[in-house]
Amino acid sequence: MNSTEKIELERLACKARMAALTGTYKAKSGHPGGSLSAADIFTYLYFKEMNVDAKNPDDPDRDRFVLSKGHGCPSLYAVLALKGYFPIDEMDKLRHVGAMLQGHPDMKGTPGIDMSSGSLGQGASAACGMAAAAKLDGKKYRVYSVLGDGECEEGQVWEAAMFASHYKLDNLCFIVDNNGLQIDGRVEDVAGLCMLKEKFEAFGFGATEIDGHSFEELESAFKAARECKDKPFVIIAKTVKGRGVSFMENQVGWHGVAPNEEQYKQAMAELEAQLKASEEA
Amino acid sequence: MAEIVNKATRESFGLALCELAKTNEDIVVLDADLSGSTKTGIFAKQFPERFFNCGIAEGNMMSVAAGLAACGKIPFAATFAMFATGRAYEQIRNSIAYPKLNVKIAGSHAGISVGEDGATHQCCEDIALMKTLPGMAIINPADHWEMTAAVKAAVEYEGPVYLRLGRLAVDSFNDPENYTFEFGKGITLHEGSDITVIASGIIVKDALDAVRELEAQGISARLINIHTIKPIDEEIIVKAAKETGRIVTIEEHSVIGGLGDSVSDVTSRRRPVPVTKIGIQDRFGYSGPAKELLKLFGLCKENIAKQITEIVKGS
């Protein structure tokens, strides 16, 4: 990845964070923390990794994406809008009555959303079904799914992992947004979940652990995922919840609370400054 | 008179799936380690590449089926009714029903006729659970021929379907020569004017035997077979309410949330008449041979005839 590409991705991710916060602020509800932690992953997937065309969102040969941690959707919606699936001003109506953008992803109402999700654990399994369908049809498309680390407390994630490994779904890639926090506190304090990479490896996955905010590391991790044969792959992406907004970073309280006007203004000012800095770079 | 086929509807289901899969390559089947019991094993043998044993993980199976459907497949996800609609209820709701994905859920060993396995496996709440889900169709076939036709109808129907399968072998009563399955339409099996009996599933045969016997005793009971519980055939129910003035429903399911409640819902809105519900009365079952249990719970020809007689004579 050259520096121009990297700067462009950083700028897109920054814009996605701003749109996600705007949507959440105007909705007076939503999940900024986990949305900001996964924004770089969504940006990389849609602008570098996945074979998708916003003008043809139902292309049967497209790569699929399932946001298993459905509550992180504000920044996914923003990335989809930046990619051209729908106008960015849809973000202003996020979670409003009659809006296209629901509180959690709705595949029937939003172009670019491949699977409805929000109930934790289920998206991982649905992604397995999609990968299995590609194999049955002899198609080349790949399936990506972002999971939360807290979400990995759901038994269904491991049922899905068992299935993916048993059916050798090497066209499937899970990305765990490993920000270390969930609603009730630190993931390791709530239920003692640890050693995610080793757990997935024990379930038969190829795995790597990276900095989920480094586009270079994302690039090499996705390359490793594509090169992994006969088994599914997982990227444990170490991230910072609330990434990009100083007072939200690593704060449990920002899991599911919208910013007030003052907080919103401050957050936007910080992100504007980051955008400007990357423009000057 | 057509030849009587004695077969469990789960077996008719397994055979029908294989037949349809020969010409429809989109059909895929998932099971959760019960393929010998749900009879999807028949399909697995013929079409191993299109069969996914998910192991004992029903929740995952339902969401995997959703993913397959989202990519154009027509998945049949089979397990016991208890584990499909009970354990995996939320996966069915959020992964399948909410996005209206084209998944067919096959719940086998429904009702108390599971028999010896007892209460933990006797699911008498499956129809109630599935009925509450927006857009979920529910089909409860009565015999071999009806199941054969229902599986085909489920494939042709675009959207989620819950198909109820029985463990117990039952005699067929439909004649394949002149039987037609119309999704969402009830079938009048016997004409009558004193009372209407509305039944569903493997208990329809007992109801048919009962109304035939009653005819000889001078009681004219109409019998309607409702194979599609949702969407229910409102017109056939309203017509029966108008013409006979009273209704008895019969189901191998809780009287709470089942066929009887669907019928009562129609009559209370459109033609209020007394509705008596024969079924499982807000209780769990217990172990025992299936046929004995059906008798003990009043789901037999004798009890159906007795109840109808009491209602007709008592009025």
Side-chain angles (χ1 to χ4, degrees), chain A residues 58-66 68 70 102 104-110 113-139 141-145 154-169 171-172 203, chain B residues 21 24-33 44 47-77 79 83 87-105 133-135 158-160:
Chain A
D58 298 323
D59 180 358
D61 295 324
R62 74 190 186 280
D63 286 346
R64 267 46 170 203
F65 178 72
V66 180
S68 198
Q102 293 293 294
H104 290 84
D106 169 18
M107 67 183 286
K108 291 291 158 116
T110 308
I113 294 294
D114 293 321
M115 184 67 207
S116 300
S117 61
S119 178
L120 298 177
Q122 297 186 26
S125 302
C128 290
M130 292 173 167
K135 293 259 176 201
L136 275 175
D137 290 337
K139 286 184 181 283
Y141 66 80
R142 293 179 57 77
V143 183
Y144 299 86
S145 183
E154 282 284 2
Q156 186 168 354
V157 167
W158 305 102
E159 294 182 4
M162 197 165 21
F163 181 95
S165 176
H166 182 64
Y167 287 99
K168 299 185 167 55
L169 301 178
N171 53 350
L172 176 73
F203 273 77
Chain B
N24 189 331
E25 290 192 356
D26 288 333
I27 295 173
V28 296
V29 175
L30 302 93
D31 206 301
D33 194 39
F47 305 99
E49 70 290 349
R50 283 196 261 163
F51 177 76
F52 296 94
N53 200 328
C54 299
I56 310 163
E58 296 81 5
N60 177 60
M61 174 172 74
M62 293 303 172
S63 302
V64 167
L68 283 158
C71 292
K73 299 294 166 197
I74 306 174
F76 278 77
T79 179
F83 313 129
R87 180 179 293 242
Y89 174 81
E90 204 253 3
Q91 282 82 1
I92 294 176
R93 181 190 187 275
N94 281 321
S95 290
I96 297 171
Y98 173 48
K100 295 188 183 67
L101 288 168
N102 197 21
V103 177
K104 319 303 170 185
I105 299 143
L133 297 176
E158 175 73 29

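We name chains A, B, ... by the order of the sequence lines, and we start the count at 1 in each one. Any value given below was found using the heavy atoms of this structure, including those in side chains, with hydrogens, waters and symmetry copies removed.
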request  = Take L101(B) and M115(A), measure what side-chain contact (heavy atoms from CB on, under 4.5 Å) needs, and give me the verdict at the end.
outcome  = CA-CA 10 Å; L101(B) 288 168; M115(A) 184 67 207; 3.8 Å; yes
query = Run the side-chain contact (heavy atoms from CB on, under 4.5 Å) check on C71(B) and R64(A) step by step: do they pass?
reply = CA-CA 10 Å; C71(B) 292; R64(A) 267 46 170 203; 3.8 Å; yes
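Between chain B and the residues V143(A), D137(A), V157(A), the largest count of heavy-atom pairs under 4.5 Å involves D137(A). In terms of non-hydrogen atom pairs under 4.5 Å with chain A, the most contact-rich of A69(B), S95(B), A70(B), A66(B) is S95(B). Considering only heavy-atom pairs separated by less than 4.5 Å from chain A, the leading option among I56(B), N94(B), L30(B), L68(B) is L68(B). Contacts with chain B were tallied for S117(A), C128(A), G109(A), S119(A); S119(A) has the most, counting heavy-atom pairs under 4.5 Å. Contact tally against chain B (heavy-atom pairs below 4.5 Å) for K108(A), Q122(A), Q156(A): the top residue is Q122(A). For chain A, the option among G72(B), A57(B), C54(B) with the highest count of heavy-atom pairs below 4.5 Å is A57(B).
Once rounded to the nearest 0.5 Å, the distance linking CZ of R50(B) with CG of L136(A) reads 8.5 Å.
The salt bridge (charged side-chain N to carboxylate O under 4.0 Å, His left out) search around D61(A) returns K139(A), not counting sequence neighbours. The salt bridge (charged side-chain N to carboxylate O under 4.0 Å, His left out) search around R62(A) returns D114(A), not counting sequence neighbours.
The environment of NZ in K168(A) is sparse: at most 12 heavy-atom neighbours from other residues, nucleotides or ligands sit within 6.0 Å.
Taking the side chain as every heavy atom from C-beta outward, N60(B) and W158(A) never approach each other to under 4.5 Å.
Using a 4.5 Å cut-off between heavy atoms, A127(A) does not touch chain B at all. Both the backbone and the side chain of E90(B) come within contact range of chain A, each with at least one heavy atom under 4.5 Å from a heavy atom of that chain.
Here the shortest heavy-atom pairing between M107(A) and P99(B) reads SD-CB, 3.5 Å.
Using the six-membered ring where Trp is involved, F163(A) and F52(B) have ring planes that are tilted, between 30° and 60° apart.
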